[in-house]
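Right, one structure below, let's go through it.
For this chain, numbers begin at 1 and follow the sequence in order. Just so you know, these numbers use all the heavy atoms, side chains as well, and skip hydrogens, waters and symmetry mates. Bear in mind the structure is a predicted one, so any value in this text is a computation, not a measurement.
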Amino acid sequence: MSYTYLTVITEPPIEPLNIAEVKTAVHIDHDVEDTLIGSWIKSARKRAEEYMRRAFIKQVLEVGYDFFPVAPFCLPSPPLAVLTSIKYYDQNNAEAEIDLDNVYTDTNSSPGRVDLNYGYVWPTTVLRKIDSVKVRYTAGYNGTGDPSADDVPDYIKDAIFLYCGWRNENRGGETDNPPEQFYNLLSHDRMHF
């Protein structure tokens, strides 16, 4: 891929699992550690998303390029739900925006793709040297509706349960790496781009 960065603009409003589910799974029956368990869930989700190169819960992402990408181009962290904007900056740092009626968004592919409509070409503007094009979009399972943990596949939830159980059992920091089974659960649907 030719992008230079991927940034989370808006974090997911919920996590794939809630604290009560994890407490049941790891046999914690008090509320004293709810904040800690919440951080385990978030950490597990982020680690799993990074490993799989996917977005689980609806979130807004931005990918940056130093030039107009060759179309069609793929957007990282599928599934792609909605293309929000394509902005570019000229050599004087003036911002302009591509009319999204001039592009086609393929949300059926994984990863999602963006292409120029017939007859349309990228503007011939001289772009600034770096960080010239910014593509913003929404990604995640059920990224077009209300965010729901129900849309996240069960094997991902299983991996997050496993991670939280491992964190509970290794509170002293005996090891920095989650068990291999965490990655094994996630590997079959991992993106390799």
Side-chain angles (χ1 to χ4, degrees), residues 1-16 39 41-145 147 152 156 159-160 163 176-178 182-183 186-187 189-193:
M1 303 232 68
S2 59
Y3 63 89
T4 57
Y5 70 85
L6 175 64
T7 303
V8 177
I9 302 299
T10 305
E11 288 279 343
I14 60 171
E15 294 295 339
S39 71
I41 295 167
K42 185 174 184 176
S43 175
R45 188 225 349 127
K46 285 185 169 191
R47 191 177 284 236
E49 284 180 331
E50 184 178 294
Y51 177 75
M52 291 186 71
R53 299 182 181 112
R54 291 185 171 275
F56 301 155
I57 301 285
K58 182 178 183 177
Q59 54 195 275
V60 178
L61 304 173
E62 184 174 271
V63 62
Y65 301 88
D66 290 340
F67 46 81
F68 286 116
V70 176
F73 60 97
C74 296
L75 292 175
S77 292
L80 170 64
V82 178
L83 179 65
T84 307
S85 67
I86 301 175
K87 295 181 180 180
Y88 62 95
Y89 299 83
D90 70 14
Q91 62 187 347
N92 298 316
N93 288 325
E95 179 184 283
E97 194 164 338
I98 301 293
D99 183 346
L100 294 183
D101 288 338
N102 293 322
V103 299
Y104 175 75
T105 306
D106 175 11
T107 58
N108 295 318
S109 297
S110 190
R113 300 177 296 165
V114 177
D115 200 357
L116 303 176
N117 284 338
Y118 286 107
Y120 183 76
V121 294
W122 292 122
T124 56
T125 306
V126 176
L127 298 174
R128 66 185 180 194
K129 290 186 176 185
I130 59 173
D131 196 25
S132 309
V133 180
K134 298 177 184 225
V135 179
R136 192 168 285 196
Y137 57 100
T138 301
Y141 298 104
N142 193 22
T144 57
V152 178
I156 292 172
I160 293 171
Y163 180 92
D176 291 337
N177 297 316
F182 173 77
Y183 297 106
L186 302 171
S187 63
D189 203 19
R190 185 180 188 208
M191 298 303 302
H192 294 283
F193 68 94

Next on the checklist: Using a 6.0 Å cut-off, check whether atom CD of Glu95 has over 12 heavy atoms from anything other than its own residue.
Outcome noted: yes

Checklist entry - Among all residues two or more places apart in sequence or in another chain, which pass the salt bridge (Lys or Arg N to Asp or Glu O under 4.0 Å) test with Lys42? => result none

Checklist entry - Mind checking whether Leu116 and Asn102 have side chains closer than 4.5 Å, heavy atoms only? => result no

Checklist entry - Less than 4.5 Å apart, any side-chain heavy atom of Ile98 and any of Trp122? => result yes

Next on the checklist: Does this structure show an ion pair linking Arg45 with Glu11, if we count only N-O contacts that are shorter than 4.0 Å?
Outcome noted: yes

Next on the checklist: Ser110 vs Met191, test: side-chain contact (heavy atoms from CB on, under 4.5 Å). Steps then yes/no.
Outcome noted: CA-CA 8 Å; Ser110 190; Met191 298 303 302; 4.0 Å; yes

Checklist entry - Quick check: does any side chain N or O of Glu49 sit under 3.5 Å from a backbone N or O of Phe56, one acting as donor and the other as acceptor? => result yes

Next on the checklist: Tell me whether the rings of Phe73 and Tyr65 are parallel (<30°), tilted (30 to 60°) or perpendicular (>60°).
Outcome noted: perpendicular

Checklist entry - With a cut-off of 6.0 Å (strictly less than), are more than 12 heavy atoms of other residues, nucleotides or ligands near CD1 of Ile130? => result no

Item to check | Considering all heavy atoms, the nearest Leu75-Pro111 contact | outcome: O-CB, 3.4 Å

Item to check | Contact check, side chains of Glu15 and Ile160, non-hydrogen atoms, under 4.5 Å | outcome: no

Item to check | Tyr137: ring-ring contact (aromatic ring centres under 6.0 Å, His included) partners, not counting sequence neighbours | outcome: none

Checklist outcome for this item: Residue set satisfying ring-ring contact (aromatic ring centres under 6.0 Å, His included) with Tyr141, at least two apart, ordered chain then number -> none

Next on the checklist: Restricting to ring-ring contact (aromatic ring centres under 6.0 Å, His included), what partner residues turn up for Tyr183, sequence neighbours left out?
Outcome noted: Tyr51

Item to check | Ile156 and Arg54: CA distance, side-chain angles, deciding distance, side-chain contact (heavy atoms from CB on, under 4.5 Å) verdict | outcome: CA-CA 11 Å; Ile156 292 172; Arg54 291 185 171 275; 5.8 Å; no

Checklist entry - Under the side-chain contact (heavy atoms from CB on, under 4.5 Å) criterion, do Val103 and Asp115 qualify, and how do the steps go? => result CA-CA 6 Å; Val103 299; Asp115 200 357; over 6 Å; no

Next on the checklist: Under the rule for ring-ring contact (aromatic ring centres under 6.0 Å, His included), what residues qualify as partners of Tyr120, not counting sequence neighbours?
Outcome noted: none

Checklist entry - Got a sec, which residues hit salt bridge (Lys or Arg N to Asp or Glu O under 4.0 Å) with Arg113, two or more places apart in sequence or on another chain? => result Asp106

Checklist entry - Heavy atoms, side chains only, cut-off 4.5 Å: are Pro13 and Ile57 in contact? => result yes

Checklist entry - Would you say the side chain of Pro72 lies within less than 4.5 Å of the side chain of Tyr104, judging by non-hydrogen atoms? => result no

Checklist entry - Should Asn142 and Lys58 be marked as a side-chain contact (heavy atoms from CB on, under 4.5 Å) after you check the CA-CA gap, both sets of side-chain angles, and the distance that decides it? => result CA-CA 7 Å; Asn142 193 22; Lys58 182 178 183 177; over 6 Å; no

